[in-house]
Amino acid sequence: MVIDEEILYQMGATIENYNVSDFIFCENNIPSYYYQIAVGEVKLNNYNEEGKEIIQTILESGESIGESLLFMDKPYPINAVALTACVIIKLSKSSFFLLLKKYPEISLDMNRCISQSLYFKFIMTQNICSQNPVSKLKTLMDYLKSFEIEKSPFSFQIPLTRQQMASLTGLCVETTIRTIKAMERNNMVKICNRKILY
DNA sequence: TCATTAAAGTTAT
DNA sequence: ATAACTTTAATGA
């Protein structure tokens with residue numbers, strides 16, 4: 001968890017509930033709140049000219065949403081959409097900065113947090129430029145698995161749909177499916193009732 | 001080779 | 001039931 005929920009409430013944070021596919025904020029909105037997920041999953045996305053969805057990242061409980069934008073004066077370049085029913089803690093920008101002043105340790109945590117998402121971005125942009133779909137998907141799965149304690153092969157069930165994997169890597173779903181099947185044939189993954197084990 | 005289109009089967013709501 | 005996801009196959013850049 002990025003910031004202790006009690007501290008957020010002390011600073012005047014409120015709770016918001018969202019249903020699946022509700023927008024928490026939209027592209028071009030002015031960032032004016034700090035958002036932290038108490039329960040649920042959220043994706044940050046864009047739509048390209050053809051209307052194809054590009055998922056920038058998927059966030060889960062305890063993570064903050066688009067916090068890096070609070071430190072500058074630009075509108076959001078992405079949408080934040082609930083993937084599940086969500087409970088989200090919301091704190092005004094001004095209170096958020098008061099909080100950072102009051103708790104320097106949290107300010108440091110915030111830096112760690114932004115570094116983490118920047119790290120993911122570095123890996124994924126490099127990835128998106130690579131041509132080969134196997135390496136795109138492998139890079140994504142390696143990243144996801146890197147947070148797991150259990151490192152043995154096929155111990156990790158990918159918590160994404162093929163559609164989401166496609167939107168994260170810039171591939172089309174069909175190519176994602178075919179590539180995953182080819183990877184199964186090469187013993188890089190296992191597929192157990194449609195779930196991908198890596 | 002990969003994207004696109006279409007069609008059909010499967011799962012989740 | 002209906003929508004969302006998964007899969008296969010054909011075709012074209």
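Atom set for the values below is all heavy atoms of this structure, side chains included, hydrogens, waters and symmetry mates excluded.
Scanning DNA chain B 5' to 3' for nucleotides with an atom closer than 4.0 angstrom to a non-hydrogen atom of chain A gives a first and last hit of B/dC2 to B/dT11.
Under the 6.0 Å distance and 45° angle rule, A/K145 counts as a cation-pi partner of A/Y198.
When the side chain to side chain donor-acceptor pair (under 3.5 Å) test is applied to A/R185, no partner is found at least two apart in sequence or on another chain. Partners of A/S107 under the side chain to side chain contact (heavy atoms under 4.5 Å, CB included) rule, at least two apart in sequence or in another chain, are A/L100. Listed by chain and number, the residues in a salt bridge (charged side-chain N to carboxylate O under 4.0 Å, His left out) with A/D22 amount to none (sequence neighbours excluded). Here A/A13 pairs with A/L8, A/Y9, A/I89, A/L91 under the side chain to side chain contact (heavy atoms under 4.5 Å, CB included) rule; sequence neighbours left out. Residues satisfying the side chain to side chain contact (heavy atoms under 4.5 Å, CB included) criterion with A/T139, sequence neighbours excluded, are A/I123, A/N127. Taking the side chain to side chain contact (heavy atoms under 4.5 Å, CB included) definition, one finds that A/N28 meets it with nothing, sequence neighbours left out.
If you measure from atom NZ of A/K195 to atom P of C/dC5, you get 12 Å, rounded to the nearest angstrom.
Side-chain contacts under 4.5 Å among hydrophobic residues (ILVMFWY), followed directly or transitively, place A/V42 together with A/Y18, A/I24, A/F25, A/Y33, A/Y35, A/I37, A/L44, A/L59, A/I65, A/L69, A/M72, A/Y76, A/I78, A/I88.
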### Message
Protein within reach of the bases, or only the backbone? For nucleotides 6-13 of chain C, mark each nucleotide 5' to 3' as B, S or -, using heavy atoms under 4.0 Å.
### Response
SBBB----
